[in-house]
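Report on the following structure.
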Amino acid sequence: PQNTKFIVDLTDLYDCGPSGWRYYTKHQGRNTLKGAYFTLLGGSSPEHLGFALPGEVVMGGFGSRLILVVQGRRERLIVDPPEPDLAQEKALLLGLGEIRRRVGPVDMTPAAKAWYKDWYEAEDTRITEGDWPVPDPLFHAYCERRPLHLRKIAMLNAVGAGRGAIGVEEIETALALLVETEKGMPAAFGGRGRAPLSELTFMAKSFIARRSKTTRSALLRAFPTDLDAESIRKIEDTLQSSGLIEITRAGNDTAYRYKG
């Protein structure tokens, strides 16, 4: 079952309120956590994530606080992993050490404040006109919280580099990272939708994307209890009309090429 109470508690912890996080027990009185700073790093599959989280969570408070990093397919095959880059490892550890030791506020330089003000006003106008950074309505609450995500990532960039304030370079780097990450976000909940075949369409798209090129017979063999002749033709029409796949004849079979 979906534990919505637990998700509400995670949302409260995330916000790090100055009065602390309070939990009232039935017999043991009140527990208070002060100065809590909650960080969550987790992994899941789009198929599981889309059905594990209630819709109000995805579109509301907790979902808007998540930055979802989605990798649709493996970029390369690594049979024998190379030795780690020791210089890169050292730099990472030094940066994490700087973040861990830092205490107190982190401000922006005057130039960064001016840059952020211009960007914030342009972003607000963009959303007001209906041009959302992530068009999927599931992520509209995230888009409204996006400026906070930008400032937090920029702060980590600055502190990790040992700088006392956020400069234009750190905030531009943070924005570039967000923009690149947001390209894949809609796929995180690809199985969730109102259309009758939304789940199966997502499954088929993911299958084709992972292989780049495949066939209808391979798709049917992969999901023998889910797909039939009628549903697969509707899915093909949807994916082809949206420009995601190219369909050609291959002898007695139908070939797919993923276009993305």
Side-chain angles (χ1 to χ4, degrees), residues 7 10-11 14-16 38-47 49-50 52-73 75 106-109 111-160 166-195 198 201-202 205-206 209 238-239 241-244 258-260:
I7 292 173
L10 289 181
T11 304
Y14 177 97
D15 288 336
C16 308
F38 177 70
T39 301
L40 174 66
L41 178 64
S44 181
S45 67
E47 293 85 354
L49 197 62
L53 294 178
E56 64 270 20
V57 169
V58 177
M59 301 182 72
F62 184 69
S64 70
R65 290 162 171 78
L66 299 179
I67 299 176
L68 296 167
V69 181
V70 181
Q71 179 62 47
R73 53 182 170 174
E75 290 188 357
V106 179
D107 204 353
M108 292 184 185
T109 64
K113 286 182 179 179
W115 186 101
Y116 179 77
K117 179 178 180 295
D118 291 341
W119 174 84
Y120 188 92
E121 291 173 348
E123 190 78 355
D124 183 67
T125 300
R126 175 185 177 186
I127 289 177
T128 301
E129 294 174 351
D131 181 14
W132 297 87
V134 184
D136 191 323
L138 283 173
F139 292 92
H140 286 182
Y142 160 84
C143 292
E144 292 173 351
R145 188 174 285 271
R146 191 172 182 246
L148 179 58
H149 290 305
L150 177 65
R151 296 200 305 272
K152 287 188 173 184
I153 296 174
M155 178 180 67
L156 292 174
N157 288 343
V159 174
I166 300 169
V168 173
E169 180 183 353
E170 285 78 35
I171 204 164
E172 286 183 334
T173 301
L175 181 60
L177 180 63
L178 270 184
V179 169
E180 186 63 28
T181 302
E182 288 162 356
K183 292 177 182 178
M185 278 189 179
F189 300 104
R192 182 190 294 275
R194 294 184 176 88
S198 60
T201 301
F202 175 72
K205 180 183 77 70
S206 299
T238 299
L239 295 178
S241 298
S242 59
L244 290 171
Y258 187 71
K259 298 168 63 178

Can you tell if the side chain of [X] reaches within under 4.5 Å of the side chain of [Y], non-hydrogen atoms only?
X: Trp119; Y: Leu150; result: yes
X: Pro133; Y: Phe139; result: no
X: Ile153; Y: Ile67; result: yes
X: Asp107; Y: Lys113; result: yes

NZ/Lys152: more than 12 non-hydrogen atoms of other groups inside 6.0 Å: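 Counting other residues, nucleotides and ligands, NZ of Lys152 exceeds 12 neighbours.
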From [atom1] ([X]) to [atom2] ([Y]), nearest 0.5 Å:
X: Ser242; Y: Lys259; atom1: OG; atom2: NZ; answer: 9.5 Å
X: Asn157; Y: Glu169; atom1: CG; atom2: CD; answer: 9.0 Å
X: Met108; Y: Met155; atom1: CE; atom2: CE; answer: 10.5 Å
X: Tyr258; Y: Leu239; atom1: OH; atom2: CG; answer: 8.5 Å

Distance-minimising heavy-atom pair for [X] and [Y]:
X: Leu66; Y: Tyr142; value: O-CD1, 3.6 Å
X: Ile166; Y: Ala154; value: CG2-CB, 3.8 Å
X: Glu170; Y: Gly167; value: OE1-N, 2.7 Å

Just by distance, do the side chain of Ser241 and the backbone of Thr238 share a donor-acceptor pair under 3.5 Å? no
Side chain to side chain donor-acceptor pair (under 3.5 Å) involving Arg151 - partner list, sequence neighbours excluded: Tyr116
Here the salt bridge (Lys or Arg N to Asp or Glu O under 4.0 Å) pairs for residues 128-140, sequence neighbours left out, are Arg126-Asp131
Output every pair passing salt bridge (Lys or Arg N to Asp or Glu O under 4.0 Å) with a member in residues 172-188, not counting sequence neighbours, ordered by first then second residue. Arg146-Glu182, Glu180-Lys183
